[in-house]
Amino acid sequence: QVVFALNQTLLQQESLRAGSFQILYTTEDLIKHYNCGDLSSIIFNHDTSQVPNFINATLPAHERITAQEIDSYFRQELIYKRNERMGRRVKDLLEEYPDKSFFFAFGAGHFMGNNTVIDVLRREGYEVEHTPAGHAI
């Protein structure tokens, strides 16, 4: 799986360099949507937008299965579990120090797709508000 993932990543990078493959959104697009609090945009609604996409319709069946296994692993280990840990840490701090005020800042990756840090906290009953760039807290 590691060799397959490396080969697919290299093929994608070669295609990008050759101009035969394009990324649908830029880093600037991510920043703009993040700053505007538009976390429901199509850019942020992909569970695997933070990791390479190895699933490709042109792959042979046995390689497509490998790609799906890797994608599932990345989604579970790098996204869902990480966000659960981050959300639990925030919740634990809020409960341990109920008389304190907190400000939490996370990278945009913690807000992408499903099962985000925000989703974890909302499931725990917390109200989460976005503070736009430039606004006083």
Side-chain angles (χ1 to χ4, degrees):
Q1 286 182 340
V2 171
V3 171
F4 174 82
L6 288 172
N7 283 334
Q8 290 301 310
T9 300
L10 289 172
L11 286 171
Q12 286 180 10
Q13 292 302 312
E14 289 171 357
S15 295
L16 276 170
R17 185 177 293 177
S20 60
F21 176 75
Q22 291 186 338
I23 296 176
L24 300 176
Y25 51 85
T26 65
T27 302
E28 288 78 22
D29 293 330
L30 288 172
I31 292 168
K32 181 183 89 173
H33 285 278
Y34 177 76
N35 282 338
C36 294
D38 185 13
L39 301 178
S40 63
S41 79
I42 192 70
I43 291 173
F44 289 96
N45 267 337
H46 297 286
D47 287 335
T48 57
S49 58
Q50 303 163 54
V51 295
N53 181 13
F54 300 122
I55 300 172
N56 181 329
T58 63
L59 292 174
H62 69 282
E63 288 185 359
R64 197 171 312 122
I65 290 169
T66 300
Q68 289 168 336
E69 289 170 353
I70 292 170
D71 183 73
S72 177
Y73 174 82
F74 277 155
R75 187 176 316 138
Q76 188 63 37
E77 296 298 321
L78 299 180
I79 300 172
Y80 295 160
K81 285 185 179 179
R82 178 193 65 175
N83 287 339
E84 285 289 333
R85 281 191 307 272
M86 298 291 284
R88 274 196 312 273
R89 288 177 184 158
V90 168
K91 175 185 165 289
D92 291 346
L93 281 170
L94 293 171
E95 289 177 356
E96 186 174 348
Y97 303 101
D99 297 332
K100 299 258 184 199
S101 294
F102 290 91
F103 173 81
F104 298 100
F106 298 98
H110 292 281
F111 302 106
M112 292 179 160
N114 299 314
N115 300 308
T116 67
V117 171
I118 292 172
D119 294 332
V120 171
L121 292 169
R122 286 184 174 149
R123 279 195 306 267
E124 294 292 331
Y126 288 94
E127 183 179 324
V128 180
E129 293 180 28
H130 173 260
T131 302
H135 281 101
I137 298 176

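Being a predicted model, the structure only gives us computed values, none of them experimental.
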With side chains defined as the heavy atoms from C-beta onward, is the minimum distance between I65 and H62 less than 4.5 Å? no

Show me the pairs that pass salt bridge (Lys or Arg N to Asp or Glu O under 4.0 Å) and involve residues 124-137, at least two apart or across chains. none

For F104, give me all partners under ring-ring contact (aromatic ring centres under 6.0 Å, His included), at least two apart in sequence or on another chain. F102

Y97-Y126 co-clustered via ILVMFWY side chain contacts under 4.5 Å: yes

Single-linkage hydrophobic cluster, 4.5 Å side-chain cutoff, L121 and F106 together: yes

For the backbone of N115 and the side chain of N83, can you confirm whether one donor and one acceptor N or O come within less than 3.5 Å of each other? yes

Would you be so kind as to tabulate the donor-acceptor pairs closer than 3.5 Å made by side chains of residues 84-96, with sequence neighbours excluded?
residue: E84; atom: OE2; partner: R123; partner atom: NH2; Å: 2.5
residue: K91; atom: NZ; partner: E95; partner atom: OE1; Å: 3.3
residue: K91; atom: NZ; partner: E95; partner atom: OE2; Å: 3.3

